[in-house]
Number of protein chains: 2
Amino acid sequence: MNGRFQIAVHILTLLHSAGDESLSSEYMAGSINVNPVLVRKELSNLRKAGFVKSKEGNTGGYMLAKPAQQISIADIYKAVEQSPLLGKARNVPNPACPIGQQIDQHMYALNTQLIHLVTDHLGQQTLKQFYNQFK
Amino acid sequence: MNGRFQIAVHILTLLHSAGDESLSSEYMAGSINVNPVLVRKELSNLRKAGFVKSKEGNTGGYMLAKPAQQISIADIYKAVEQSPLLGKARNVPNPACPIGQQIDQHMYALNTQLIHLVTDHLGQQTLKQFYNQFK
DNA sequence: TCATCTGTAATTATTTTTGTTACAGTACAA
DNA sequence: TTGTACTGTAACAAAAATAATTACAGATGA
(Lines give C-alpha, C1' and ligand atoms only; values in the text may rest on other atoms or scores of the structure.)
Protein backbone atom coordinates (compact mmCIF):
# COMPACT_ATOMS: atom_id res chain seq x y z
CA MET A 1 0.00 0.00 0.00
CA ASN A 2 1.60 3.18 -1.16
CA GLY A 3 1.16 6.83 -0.43
CA ARG A 4 0.31 8.21 -3.85
CA PHE A 5 -3.19 9.32 -2.98
CA GLN A 6 -1.94 11.23 0.02
CA ILE A 7 0.76 12.86 -2.02
CA ALA A 8 -1.69 13.84 -4.74
CA VAL A 9 -4.13 15.40 -2.29
CA HIS A 10 -1.30 17.16 -0.49
CA ILE A 11 0.07 18.56 -3.74
CA LEU A 12 -3.31 19.84 -4.89
CA THR A 13 -4.08 21.34 -1.51
CA LEU A 14 -0.78 23.19 -1.56
CA LEU A 15 -1.39 24.44 -5.08
CA HIS A 16 -4.85 25.65 -4.19
CA SER A 17 -3.57 27.39 -1.10
CA ALA A 18 -0.95 29.14 -3.20
CA GLY A 19 -3.59 30.80 -5.36
CA ASP A 20 -2.00 32.21 -8.49
CA GLU A 21 1.53 31.81 -7.26
CA SER A 22 3.27 28.81 -8.72
CA LEU A 23 5.09 26.33 -6.52
CA SER A 24 8.20 24.27 -7.24
CA SER A 25 8.38 20.53 -6.79
CA GLU A 26 11.18 21.11 -4.33
CA TYR A 27 9.00 23.28 -2.14
CA MET A 28 6.13 20.81 -2.18
CA ALA A 29 8.47 17.93 -1.44
CA GLY A 30 9.53 19.86 1.63
CA SER A 31 5.96 20.11 2.89
CA ILE A 32 5.08 16.49 2.12
CA ASN A 33 8.47 15.35 3.34
CA VAL A 34 9.16 13.16 0.41
CA ASN A 35 11.62 13.10 -2.46
CA PRO A 36 11.17 15.86 -5.07
CA VAL A 37 11.35 13.40 -7.95
CA LEU A 38 8.44 11.49 -6.50
CA VAL A 39 6.51 14.74 -6.38
CA ARG A 40 7.36 15.54 -9.97
CA LYS A 41 6.24 12.09 -11.03
CA GLU A 42 2.90 12.56 -9.36
CA LEU A 43 2.64 16.06 -10.78
CA SER A 44 3.24 14.60 -14.19
CA ASN A 45 0.33 12.27 -13.62
CA LEU A 46 -1.88 15.05 -12.28
CA ARG A 47 -1.01 17.20 -15.27
CA LYS A 48 -2.07 14.45 -17.65
CA ALA A 49 -5.30 14.18 -15.69
CA GLY A 50 -5.89 17.89 -16.21
CA PHE A 51 -5.63 19.10 -12.64
CA VAL A 52 -2.31 20.86 -12.88
CA LYS A 53 -0.41 22.99 -15.31
CA SER A 54 3.32 23.49 -15.26
CA LYS A 55 5.85 25.90 -16.61
CA GLU A 56 9.40 24.86 -17.32
CA GLY A 57 12.55 26.92 -17.00
CA ASN A 58 13.67 29.51 -14.55
CA THR A 59 10.70 30.94 -12.59
CA GLY A 60 8.87 27.78 -13.60
CA GLY A 61 6.64 25.74 -11.35
CA TYR A 62 3.18 24.30 -10.93
CA MET A 63 -0.33 25.68 -10.56
CA LEU A 64 -3.85 24.28 -10.51
CA ALA A 65 -5.26 24.01 -14.02
CA LYS A 66 -8.82 24.52 -12.81
CA PRO A 67 -10.57 25.86 -9.73
CA ALA A 68 -10.60 23.68 -6.64
CA GLN A 69 -14.40 23.73 -6.70
CA GLN A 70 -14.23 21.72 -9.88
CA ILE A 71 -11.95 19.02 -8.53
CA SER A 72 -13.59 16.33 -6.47
CA ILE A 73 -11.71 14.01 -4.18
CA ALA A 74 -13.09 11.16 -6.26
CA ASP A 75 -11.44 12.68 -9.34
CA ILE A 76 -8.14 12.67 -7.53
CA TYR A 77 -8.64 9.12 -6.40
CA LYS A 78 -9.45 7.98 -9.91
CA ALA A 79 -6.43 9.76 -11.34
CA VAL A 80 -4.17 7.98 -8.94
CA GLU A 81 -6.01 4.71 -9.51
CA GLN A 82 -4.65 2.23 -7.12
CA SER A 83 -5.05 -1.48 -6.72
CA PRO A 84 -8.17 -3.08 -5.24
CA LEU A 85 -9.43 -1.33 -2.12
CA LEU A 86 -9.17 -4.37 0.09
CA GLY A 87 -5.84 -5.60 -1.18
CA LYS A 88 -4.95 -7.97 -3.91
CA ALA A 89 -3.66 -11.50 -4.09
CA ARG A 90 -0.34 -12.10 -5.76
CA ASN A 91 -0.95 -15.70 -6.74
CA VAL A 92 -3.79 -17.08 -8.74
CA PRO A 93 -5.86 -19.56 -6.76
CA ASN A 94 -5.90 -23.20 -7.73
CA PRO A 95 -8.22 -23.69 -10.71
CA ALA A 96 -8.60 -27.35 -9.83
CA CYS A 97 -10.41 -26.34 -6.65
CA PRO A 98 -14.08 -25.36 -7.01
CA ILE A 99 -13.61 -22.45 -4.66
CA GLY A 100 -10.24 -21.39 -6.00
CA GLN A 101 -11.62 -21.50 -9.50
CA GLN A 102 -14.26 -18.87 -8.86
CA ILE A 103 -13.19 -16.80 -5.92
CA ASP A 104 -11.31 -14.22 -7.93
CA GLN A 105 -14.39 -13.18 -9.84
CA HIS A 106 -16.42 -12.81 -6.69
CA MET A 107 -13.72 -10.82 -4.99
CA TYR A 108 -13.52 -8.66 -8.04
CA ALA A 109 -17.25 -8.03 -7.89
CA LEU A 110 -16.97 -7.11 -4.25
CA ASN A 111 -14.23 -4.65 -5.06
CA THR A 112 -16.32 -3.09 -7.81
CA GLN A 113 -19.16 -2.47 -5.37
CA LEU A 114 -16.78 -0.78 -2.99
CA ILE A 115 -15.18 1.37 -5.64
CA HIS A 116 -18.61 2.67 -6.57
CA LEU A 117 -19.50 3.31 -2.98
CA VAL A 118 -16.29 5.13 -2.28
CA THR A 119 -16.20 7.20 -5.45
CA ASP A 120 -19.83 8.21 -4.99
CA HIS A 121 -18.98 9.43 -1.54
CA LEU A 122 -15.76 11.15 -2.48
CA GLY A 123 -17.46 12.61 -5.53
CA GLN A 124 -19.45 14.85 -3.25
CA GLN A 125 -16.41 16.45 -1.73
CA THR A 126 -14.39 19.02 -3.60
CA LEU A 127 -10.80 19.97 -3.11
CA LYS A 128 -12.05 23.39 -2.05
CA GLN A 129 -14.18 21.88 0.70
CA PHE A 130 -11.27 19.77 1.80
CA TYR A 131 -9.08 22.84 1.97
CA ASN A 132 -11.69 24.83 3.87
CA GLN A 133 -11.32 22.45 6.78
CA PHE A 134 -7.84 23.82 7.39
CA LYS A 135 -7.59 26.48 10.07
CA MET B 1 -0.97 -3.64 -0.15
CA ASN B 2 -1.15 -7.21 0.97
CA GLY B 3 -3.48 -10.09 0.36
CA ARG B 4 -4.61 -10.90 3.87
CA PHE B 5 -8.27 -10.05 3.32
CA GLN B 6 -8.43 -12.28 0.27
CA ILE B 7 -6.78 -15.09 2.13
CA ALA B 8 -9.15 -14.73 5.07
CA VAL B 9 -12.23 -14.78 2.85
CA HIS B 10 -10.86 -17.71 0.89
CA ILE B 11 -10.15 -19.68 4.05
CA LEU B 12 -13.59 -19.07 5.49
CA THR B 13 -15.29 -19.91 2.22
CA LEU B 14 -13.42 -23.18 2.05
CA LEU B 15 -14.29 -24.01 5.63
CA HIS B 16 -17.93 -23.25 5.05
CA SER B 17 -17.99 -25.35 1.91
CA ALA B 18 -16.47 -28.23 3.83
CA GLY B 19 -19.39 -28.35 6.23
CA ASP B 20 -18.50 -30.42 9.28
CA GLU B 21 -15.39 -31.88 7.77
CA SER B 22 -12.25 -30.22 9.00
CA LEU B 23 -9.60 -28.98 6.61
CA SER B 24 -5.83 -28.80 7.03
CA SER B 25 -3.79 -25.66 6.47
CA GLU B 26 -1.89 -27.56 3.81
CA TYR B 27 -5.05 -28.27 1.85
CA MET B 28 -6.24 -24.69 2.05
CA ALA B 29 -2.82 -23.38 1.07
CA GLY B 30 -3.15 -25.53 -2.03
CA SER B 31 -6.42 -23.90 -3.00
CA ILE B 32 -5.28 -20.35 -2.24
CA ASN B 33 -1.89 -21.06 -3.75
CA VAL B 34 0.06 -19.59 -0.95
CA ASN B 35 2.43 -20.84 1.71
CA PRO B 36 0.86 -23.03 4.43
CA VAL B 37 2.49 -21.06 7.21
CA LEU B 38 0.85 -17.92 5.95
CA VAL B 39 -2.47 -19.72 6.07
CA ARG B 40 -1.85 -20.93 9.60
CA LYS B 41 -0.95 -17.40 10.65
CA GLU B 42 -4.19 -16.07 9.27
CA LEU B 43 -6.09 -18.97 10.80
CA SER B 44 -4.56 -18.10 14.11
CA ASN B 45 -5.90 -14.59 13.72
CA LEU B 46 -9.32 -15.83 12.64
CA ARG B 47 -9.43 -18.17 15.58
CA LYS B 48 -8.72 -15.33 17.98
CA ALA B 49 -11.51 -13.40 16.27
CA GLY B 50 -13.87 -16.30 16.93
CA PHE B 51 -14.56 -17.40 13.37
CA VAL B 52 -12.60 -20.60 13.39
CA LYS B 53 -11.87 -23.46 15.73
CA SER B 54 -8.95 -25.79 15.39
CA LYS B 55 -7.92 -29.18 16.57
CA GLU B 56 -4.30 -30.17 16.99
CA GLY B 57 -2.73 -33.52 16.46
CA ASN B 58 -3.26 -36.25 13.95
CA THR B 59 -6.70 -35.92 12.30
CA GLY B 60 -6.55 -32.28 13.39
CA GLY B 61 -7.55 -29.33 11.27
CA TYR B 62 -9.83 -26.33 11.11
CA MET B 63 -13.58 -25.72 11.05
CA LEU B 64 -15.87 -22.72 11.25
CA ALA B 65 -16.64 -21.84 14.83
CA LYS B 66 -20.05 -20.42 13.93
CA PRO B 67 -22.47 -20.61 11.04
CA ALA B 68 -21.64 -18.66 7.91
CA GLN B 69 -24.92 -16.77 8.27
CA GLN B 70 -23.49 -15.20 11.37
CA ILE B 71 -20.27 -14.01 9.79
CA SER B 72 -20.47 -10.82 7.78
CA ILE B 73 -17.86 -9.75 5.30
CA ALA B 74 -17.41 -6.64 7.42
CA ASP B 75 -16.53 -8.84 10.38
CA ILE B 76 -13.83 -10.48 8.33
CA TYR B 77 -12.54 -7.15 7.16
CA LYS B 78 -12.39 -5.84 10.69
CA ALA B 79 -10.58 -8.93 11.91
CA VAL B 80 -7.92 -8.51 9.28
CA GLU B 81 -7.81 -4.79 9.94
CA GLN B 82 -5.55 -3.31 7.37
CA SER B 83 -4.03 0.09 6.95
CA PRO B 84 -6.01 3.09 5.69
CA LEU B 85 -8.21 2.29 2.71
CA LEU B 86 -6.62 4.82 0.42
CA GLY B 87 -3.04 4.13 1.38
CA LYS B 88 -0.86 5.65 3.99
CA ALA B 89 2.07 8.02 3.97
CA ARG B 90 5.36 6.78 5.33
CA ASN B 91 6.75 10.15 6.32
CA VAL B 92 5.21 12.74 8.55
CA PRO B 93 4.53 15.98 6.70
CA ASN B 94 6.46 19.11 7.58
CA PRO B 95 4.94 20.63 10.73
CA ALA B 96 6.41 24.00 9.82
CA CYS B 97 4.09 24.15 6.81
CA PRO B 98 0.48 25.17 7.50
CA ILE B 99 -0.80 22.50 5.17
CA GLY B 100 1.68 19.84 6.25
CA GLN B 101 0.82 20.54 9.84
CA GLN B 102 -2.85 19.65 9.47
CA ILE B 103 -3.22 17.40 6.49
CA ASP B 104 -2.77 14.17 8.39
CA GLN B 105 -5.77 14.80 10.58
CA HIS B 106 -7.96 15.63 7.61
CA MET B 107 -6.80 12.57 5.72
CA TYR B 108 -7.50 10.53 8.80
CA ALA B 109 -11.03 11.91 8.97
CA LEU B 110 -11.55 11.06 5.32
CA ASN B 111 -10.40 7.54 5.97
CA THR B 112 -12.75 7.20 8.91
CA GLN B 113 -15.70 8.17 6.72
CA LEU B 114 -14.73 5.56 4.17
CA ILE B 115 -14.25 2.83 6.73
CA HIS B 116 -17.78 3.46 7.96
CA LEU B 117 -19.16 3.45 4.47
CA VAL B 118 -17.40 0.26 3.57
CA THR B 119 -18.12 -1.64 6.76
CA ASP B 120 -21.79 -0.63 6.62
CA HIS B 121 -21.96 -2.04 3.14
CA LEU B 122 -20.00 -5.19 3.88
CA GLY B 123 -21.95 -5.62 7.08
CA GLN B 124 -24.98 -6.51 5.00
CA GLN B 125 -23.33 -9.40 3.28
CA THR B 126 -22.76 -12.67 5.07
CA LEU B 127 -20.20 -15.31 4.31
CA LYS B 128 -23.11 -17.58 3.45
CA GLN B 129 -24.39 -15.15 0.84
CA PHE B 130 -20.91 -14.81 -0.55
CA TYR B 131 -20.61 -18.57 -0.80
CA ASN B 132 -24.02 -18.90 -2.45
CA GLN B 133 -22.72 -16.98 -5.43
CA PHE B 134 -20.50 -19.93 -6.28
CA LYS B 135 -21.87 -22.26 -8.91
C1' DT C 1 24.95 32.71 -20.80
C1' DC C 2 23.95 31.51 -16.28
C1' DA C 3 20.88 29.99 -12.77
C1' DT C 4 16.79 27.64 -11.78
C1' DC C 5 13.42 25.12 -12.85
C1' DT C 6 10.71 20.83 -15.29
C1' DG C 7 10.66 16.12 -17.13
C1' DT C 8 12.19 11.67 -17.15
C1' DA C 9 15.20 7.63 -17.04
C1' DA C 10 18.12 4.60 -14.61
C1' DT C 11 19.83 2.88 -10.52
C1' DT C 12 20.07 2.00 -5.66
C1' DA C 13 18.17 1.64 -1.05
C1' DT C 14 14.55 0.63 2.03
C1' DT C 15 10.44 -1.42 3.52
C1' DT C 16 6.83 -4.61 3.16
C1' DT C 17 5.20 -8.91 2.08
C1' DT C 18 5.63 -13.63 1.32
C1' DG C 19 8.13 -17.96 1.53
C1' DT C 20 11.01 -21.29 3.95
C1' DT C 21 12.91 -23.94 7.56
C1' DA C 22 12.65 -25.63 11.95
C1' DC C 23 10.76 -27.56 15.73
C1' DA C 24 7.94 -28.14 20.05
C1' DG C 25 3.47 -29.79 21.30
C1' DT C 26 -0.95 -32.46 20.52
C1' DA C 27 -3.82 -36.34 19.47
C1' DC C 28 -5.12 -40.33 17.29
C1' DA C 29 -4.30 -45.02 15.74
C1' DA C 30 -1.94 -49.06 14.91
C1' DT D 1 3.96 -46.74 23.27
C1' DT D 2 5.44 -45.28 19.23
C1' DG D 3 4.81 -43.44 14.80
C1' DT D 4 2.35 -40.24 11.97
C1' DA D 5 0.05 -36.18 10.80
C1' DC D 6 -1.37 -32.39 12.25
C1' DT D 7 -1.25 -27.28 14.81
C1' DG D 8 1.23 -23.26 16.50
C1' DT D 9 5.08 -20.19 16.34
C1' DA D 10 9.47 -18.26 15.81
C1' DA D 11 13.31 -17.04 13.15
C1' DC D 12 15.22 -16.19 9.02
C1' DA D 13 15.54 -15.68 3.81
C1' DA D 14 13.76 -14.28 -0.55
C1' DA D 15 11.06 -11.55 -3.44
C1' DA D 16 8.34 -7.73 -4.58
C1' DA D 17 6.84 -3.11 -4.00
C1' DT D 18 7.89 1.46 -2.83
C1' DA D 19 10.67 5.40 -2.28
C1' DA D 20 15.18 7.79 -2.68
C1' DT D 21 18.99 9.16 -5.33
C1' DT D 22 21.70 10.48 -9.18
C1' DA D 23 21.97 12.19 -13.54
C1' DC D 24 21.06 14.94 -17.19
C1' DA D 25 18.59 17.01 -21.29
C1' DG D 26 15.65 20.79 -22.24
C1' DA D 27 13.12 25.18 -21.14
C1' DT D 28 13.00 29.93 -19.84
C1' DG D 29 13.69 34.18 -17.84
C1' DA D 30 17.08 37.39 -15.63
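The chains referred to below are lettered A, B, ... by the order of the sequence lines, with proteins before strands, and numbering in each begins at 1.
To the nearest angstrom, P of D/dT18 lies 14 Å from CD of A/Gln6. Summarising the geometry, the separation between NZ on B/Lys53 and P on D/dT7 is reported as 15 Å, rounded to the nearest angstrom. With rounding to whole Å, B/Glu26 atom CD is found 13 Å from C/dG19 atom P. The distance from atom CG of B/Leu43 to atom P of D/dT9 is 11 Å, rounded to the nearest whole Å. Atom OH in B/Tyr27 sits about 14 Å away from atom P in D/dT7, given to the nearest Å. Atom pair B/Glu42:CD and C/dT18:P shows a separation of 10 Å (rounding to whole Å applied). Across the protein-nucleic acid pair, B/Leu23 atom CG and D/dA5 atom P stand 18 Å apart, rounded to whole Å. Rounded to an integer number of Å, the gap from CZ of B/Arg4 to P of D/dA17 is 19 Å.
Counting only heavy atoms from C-beta outward, the side chains of A/Lys55 and A/Tyr62 never approach each other to under 4.5 Å. A/Val34 has its side chain within reach of A/Val39: a pair of non-hydrogen atoms, C-beta onward, lies under 4.5 Å apart. Looking at heavy atoms from C-beta onward, B/Pro93 lies out of side-chain contact with A/Asn33 at the 4.5 angstrom threshold.
Side chain of B/Tyr62, nearest nucleotide from C/dT8, C/dT6, D/dG8: D/dG8. When distances run from any side-chain atom of A/Ser24 to the nucleotides D/dT9, C/dT6, D/dT7, the shortest one goes to C/dT6.
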message: How would you summarise protein contacts on nucleotides 25-30 of chain D per nucleotide, using B for base, S for sugar-phosphate only and - for none, with heavy-atom distances below 4.0 Å?
response: --BBB-
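Following chains of ILVMFWY side-chain contacts shorter than 4.5 Å, one cannot reach A/Tyr108 starting from A/Leu110, and the two form parts of different hydrophobic clusters.
The environment of CD in B/Glu26 is sparse: at most 12 heavy-atom neighbours from other residues, nucleotides or ligands sit within 6.0 Å.
For B/Ser25, a side-chain nitrogen or oxygen approaches OP1 or OP2 of D/dT7 to under 4.0 Å. Between C/dG7 and A/Arg47, a contact under 4.0 Å exists linking OP1 or OP2 to a side-chain N or O. Look at B/Ser44 and you'll find a side-chain N or O under 4.0 angstrom from OP1 or OP2 of D/dT9.
Residues forming a side chain to side chain donor-acceptor pair (under 3.5 Å) with A/Ser72 (at least two apart in sequence, or on another chain): A/Asp75. Residues satisfying the side-chain contact (heavy atoms from CB on, under 4.5 Å) test with B/Gln102, not counting sequence neighbours, are A/Phe134, A/Lys135, B/Gln105, B/His106.
Under a 3.5 Å cut-off, the side chain of A/Asn111 and the backbone N or O of A/Pro84 do not form any donor-acceptor pair. Between the side chain of B/Gln6 and the main chain of A/Gly87, a donor-acceptor pair closer than 3.5 Å is present. Although no hydrogens or angles enter the test, the distance criterion places a donor-acceptor pair under 3.5 Å between the side chain of A/Asn45 and the main chain of A/Ala79.
Listed by residue number, the members of residues 29-40 of chain A with any heavy atom below 4.0 angstrom from DNA chain D are A/Val34, A/Asn35, A/Val37, A/Leu38, A/Arg40. Within a heavy-atom distance below 4.0 Å of DNA chain D, the residues of residues 83-98 of chain B found are B/Arg90, B/Asn91.
Side-chain contact check for B/Gln125 and A/Gln113: at least one donor-acceptor pair (N or O, by modelled atom type) lies under 3.5 Å.
Applying the salt bridge (Lys or Arg N to Asp or Glu O under 4.0 Å) test to pairs two or more places apart or on separate chains, those with a residue in residues 39-48 of chain A are A/Arg4-A/Glu42.
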